[in-house]
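First up is the structure itself, then whatever we jot down about it.
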Amino acid sequence: MNQYDKASSRLVPYPSGALVPERDLHAMPVLEARHLGIDFGGLTAVDDFSVTVGATEIAGLIGPNGAGKTTVFNLLTNVYQPTRGNIMLNGYSTAGKSTHQVSKMGIARTFQNIRLFSNMSVLDNVKVGMHNHINENLLAAAFHGFGYGKAEKAAADSAMELLDFFHLADLAKAPAGSLPYGAQRRLEIVRALASQPRLLLLDEPAAGMNPSETHELMENIRRIRDTFHIAIMLIEHDMSLVMGICEGICVLNYGRIIAKGSPEDIKSNPVVIEAYLGKQGG
Amino acid sequence: MIHFLQTLISGLSLGSIYALIALGYTMVYGIAKMLNFAHGDIIMVGAYAAIVAVFQMKLPGLVAVLAAVLVCTVLGVTVEFLAYKPLRQSPPLTVLITAIGVSYFLQNIALLIFGSEQMASPVIMKLPALVIGGVQIDGITWGTLAVTCIIMLGLTLFINKTKMGKAMRAVSEDKGAAELMGISVNKTITITFAIGSALAAIASIFYGSAYVYIRPTTGAMPGIKAFTAAVFGGIGSIPGAMLGGILLGVIEQFAKAYISTLWSDAIVFGVLVVVLIVKPTGLLGKKISEKV
């Protein structure tokens, strides 16, 4: 019996009222954002954004173009410092932390437009992703000593394991920039996973994919959650993917949340339909 | 034939000094995306540090080298922290002008402390001359060549094999993405400046041994030549800086030996112009692709 079956995905409220899948009710939420907001000059890009993501939840963040979805990801990783509100990752506040410190707190992401280190090999890209977890003594490295060899070997082994998981092991030596598009997208996910996050943020993972590739991606996202037992939050325009795998969905429009709930709730929500398609009969 | 070989070897030796300095330019450009025009003056400081260590503090040669490396490393990191770090978000022109300011500042500090008179640099390494097949190679010439080869090999291994080296390459490709992998960009830039300045210190020892006399403006010419070498090889590329430096030294020595001492610099820069016309990104430079 899969611990991540349909029944366990049913959204139930925490005492605070935030909804998470039933199986995550007794675990600490991986992410709690409270009343997040950011202004650029006089323009409010995101306002009053509150969301709770359960420990093993697959959450979706959707909304029309320009709604502020990527801005939310940038706030969650402290690329932008929020003007208002606070973020708790695994129970710890990220206020005042820099981006690389937040990465150490268990959050990783991919990008809307692929941002691999394209001149580095596939394997080195993954090793850079493991930066937080390679314990390497520089002196040992200088003399190619025992500790260095061991740390480097262990890193290479677990990097290869991850690559194998996504059918990229054969390409380990190739420069990342030479990979076909779909493989580059997968490699970005592998690189993010290499940092052993508790929360993986995927920014439009299905962009530019055909339906069969999107289907494979859906399977992969589920496989990541089922294997690594982590939470995933994704921005996506492909509704078949969002409605197919997300448990909790959050809809953003003009920088504000207009709806939250299960895929069924969202599909039938008139406010969401209006935001996407315009007012009926208007 | 012997003359040719001797010229080639002295060119390789001079070129390897340029390469050491060029590495500092290219690494800083690759990672911090700035031209550190004060880099040449680090050489001058290194040379003075060696003079003080040997003649005034009576330290043995090898300790003096370490002292010069230490002084330059600390100076490079301090300059980065005080002058460049506050300008991280500023336009490149601001940083460039600041670097020129730092360059004049260092020259004038040296002028205040040591005066405008030239000073003799110490002989750090007394190596016997080698004679191979009738070609005589000075101790300092082959010593420079040997040490720089080891340093370049070590640096290549460091960049390609270690975690820090990979972090540096990652930062040079995409700062934002690297930061999201848990890499501290600021720390990486500091380490880059430290390595670049340490290499400049070693170059200063060889430069002092080869050219003997040091004055506050000594850093300018090797600085500009090494910068040329970095551009020649493709700025931002580490093998490019090595190749560019060595080629520049060889071209310079051949121009001096076979054409004219007076015209040697003109020929060197002329070759640079031709290379940049044919290959604007330098010999090993990466093609710049537009992000879409």
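Small disclaimer: the values here were computed from a predicted structure and weren't measured. To find a chain, count down the sequence lines: A is the first, B the second, and so on, and within it residues start at 1.
- Put simply, the side chain of A:E204 never gets that close to the backbone of A:E236: no donor and acceptor are under 3.5 Å apart.
- Of the residues considered (B:G154, B:A177, B:S172), B:A177 shows the highest number of contacts with chain A, using heavy-atom pairs under 4.5 Å.
- The candidate with the highest count of non-hydrogen atom pairs below 4.5 Å against chain B, out of A:V128, A:N119, A:L116, A:N125, is A:N119.
- No other option in A:S195, A:A155, A:S118 has as many heavy-atom pairs under 4.5 Å with chain B as A:S118.
- Looking at A:T44, its side chain never comes within 3.5 Å of a backbone N or O of A:D39 through a donor-acceptor pair.
- At a cut-off of 3.5 Å, with distance as the only test, no side-chain donor of A:E161 or A:S158 sits close to an acceptor on the other residue.
- At distances below 3.5 Å, not a single donor-acceptor pair connects side-chain atoms of B:K225 with backbone N or O atoms of B:Y18.
- Listed options A:M120, A:M130, A:K104 were ranked by heavy-atom pairs under 4.5 angstrom with chain B; first place goes to A:M120.
- A cation-pi arrangement is found for A:R191 relative to A:F117, the charged atom lying closer than 6.0 Å to the ring centre and inside a 45° cone about the ring normal.
- At a heavy-atom separation below 4.5 angstrom, chain B is approached by A:T77, A:V79 within residues 55-80 of chain A.
- Exactly one of B:V28, B:T98, B:I42 qualifies for a side chain to side chain contact (heavy atoms under 4.5 Å, CB included) with B:N36. That residue is B:V28.
- Side-chain atoms of A:R185 and A:Y181 form a donor-acceptor pair, as typed in the model, at a separation below 3.5 Å.
- Aromatic ring pairs are classed by plane angle as parallel below 30°, tilted from 30° to 60° and perpendicular above 60°; the pair B:Y25 and B:F37 is perpendicular.
- A:T99 touches chain B through backbone and side chain together, each having a heavy atom under 4.5 Å away.
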